[in-house]
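Here is the structure we will look at.
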Amino acid sequence: MSWAHKDMVGIQDLSASEIATVLEMSKSFKEISRRDIKKVPTLRGKTVVLFFYEASTRTRLSFELAAKRLSADTVSLAGSGSSFTKGETIIDGADNVMAMQPDCLVIRCPFAGVPKALAERLPCAVLNAGDGYNEHPSQALLDMFTMQERFGSLKGLNVSIVGDISHSRVARSNIYGLTKMGAQVTVVAPKTLLPSGIENFGVRVTSDFDSVLPSSDVVMMLRVQKERIKEQLFPSDREYSTLFGLNARRVALMQPQAVIMHPGPMNRGVEIGHDACDGERAVILDQVENGVAVRMSLMYLSLGGGANVD
Amino acid sequence: MANIPSSVEQVEQLLAELTAKLTAAFSSWEQVAFVGVRSGGELLARQVVGRLERSCGVKLPLGLLDISFYRDDISKRLFSPEVKNTEIDFSIDNQTIILVDDVLNTGRTVRAALDHLMDLGRPKRIMLLVLFDRGGRELPFQADFVGARVDLPDDKRVKLKAAGETFEVVIKEARP
């Protein structure tokens with residue numbers, strides 16, 4: 001099959017077979033990062049600009065390394081260091097960047113819809129690194145890659161996503177992707193952190209964390225997105241942790257072959273305890289490693305990706 | 001230039017001749033390894049290595065190269081993305097590497113394969129073995145071991161297709 005997308009704005013735009021293509025291709029890219037010379041000449045001479053208006057460790061580093069390992073030139077800008085602080089709009093900023101002929105713009109910002117608007121406006125490839133609480137497509141793809149690596153297939157997999165669903169782009173992108181790939185998704189959260197109408201996304205909904213643990217193949221923990229929350233949505237971190245934290249008692253309720261995931265950054269002791277994130281079921285660092293491979297796939301596909309078919 | 005040898009007997013003959021040429025060229029198989037360029041070169045390499053191992057009583061290392069990321073036409077977006085892995089589980093440093101591909105044409109695949117190999121180590125020597133040399137060179141490469149020189153019109157291409165334990169020769173339309 002061929003890749004018809006200039007951009008990667010959201011999992012909503014991808015078909016199941018396109019998702020499968022990205023996952024399959026990421027296996028090859030993963031191998032490159034384990035070589036001595038971690039570079040292939042594929043995107044030599046291409047320019048990738050990374051514009052991160054929100055804080056990021058993993059995603060930014062991951063996209064940058066992905067571009068560099070494909071031999072592209074990268075330039076990285078943080079919102080705080082850019083003219084955004086002087087009142088320039090994002091669209092103006094992007095137009096100015098475009099005048100310098102980048103081949104790809106990777107953008108993270110707190111406003112949903114900006115990557116889509118830029119994708120429609122700019123001739124370069126636009127990759128969404130997270131827009132508000134809308135989508136974080138590369139995260140969902142790396143999460144699905146990690147699950148597939150561990151379980152062979154996503155079809156019929158029981159995935160529980162636990163935490164601040166309301167404000168989570170990771171939850172949304174994963175829900176879109178996993179349901180397309182035939183997994184069974186359950187979201188677990190206090191009612192104050194569940195968006196209304198969530199049942200319409202094809203997921204099971206519960207506020208009883210213990211009840212999902214024995215049957216989950218994957219338990220994906222999400223951080224409470226305090227930076228996005230203005231109201232008091234639960235009494236205290238401690239109460240949240242007691243009811244919705246993955247602690248040692250809850251880990252013991254999980255099946256032995258089930259895995260624990262977290263997109264990072266973790267707030268240890270709040271949504272996830274040491275026994276969970278440092279234990280043998282955790283694949284959190286695999287997720288990070290896989291992130292580079294998946295982002296290499298996305299850049300490769302968006303910037304040419306024509307490979308030989310014999 | 002011959003018509004394309006494509007029957008089972010003709011292919012068998014070519015493989016026997018290639019095996020003989022290789023046996024004549026190497027008095028010792030120490031520090032020699034084969035690397036097949038996926039996908040057609042993989043099919044050929046397995047057959048060649050199998051025959052050599054049987055006739056010479058040696059075990060020969062065989063690696064597989066996927067050159068998708070080294071191609072020079074990536075931005076053209078011409079074909080579907082179908083990438084396999086490079087699998088070479090031995091060191092290529094100081095080895096004589098016999099690169100195996102099904103067809104030598106423009107030479108661009110060989111160029112990509114050489115770049116990829118050089119990123120993996122420093123072979124002592126790289127030689128090229130192909131089943132068919134169809135001419136049409138766009139880069140200055142020649143094969144050290146050739147099954148047959150063939151003449152194909154520009155609108156046709158020849159490929160090896162897996163067939164049970166071995167392969168068959170298939171003539172197809174060239175890609176647009």
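For clarity, every value in this text was computed on a predicted model and none was experimentally measured.
Atom NZ of A:Lys38 has more than 12 neighbouring heavy atoms from other residues, nucleotides or ligands inside a 6.0 Å radius. For B:Glu138, the CD atom sits in a packed shell: over 12 heavy atoms of surrounding residues, nucleotides or ligands are nearer than 6.0 Å. Other residues, nucleotides and ligands contribute more than 12 heavy atoms inside 6.0 Å of the CZ atom of B:Arg108. Counting heavy-atom neighbours within 6.0 Å of B:Asp155 CG, excluding the residue itself, gives a total above 12. Counting non-hydrogen atoms of other residues, nucleotides and ligands closer than 6.0 Å to NZ of A:Lys155 gives a total of 12 or fewer.
For B:Leu120, the part sitting under 4.5 Å from any heavy atom of chain A is the side chain, from C-beta outward, and nothing else. Looking at B:Thr109, neither its backbone nor its side chain comes within 4.5 Å of chain A, counting heavy atoms on both sides.
For the residue pair B:Tyr70 and A:Val40, the shortest heavy atom distance occurs at OH-CG1, 3.5 Å.
Using a 4.5 Å cut-off between non-hydrogen atoms, the part of residues 27-37 of chain A that approaches chain B consists of A:Lys27, A:Ser28, A:Phe29, A:Glu31, A:Ile32, A:Arg35, A:Ile37. Near-neighbour residues of residues 10-37 of chain B relative to chain A, defined by a heavy atom under 4.5 Å from a heavy atom of that chain, are none.
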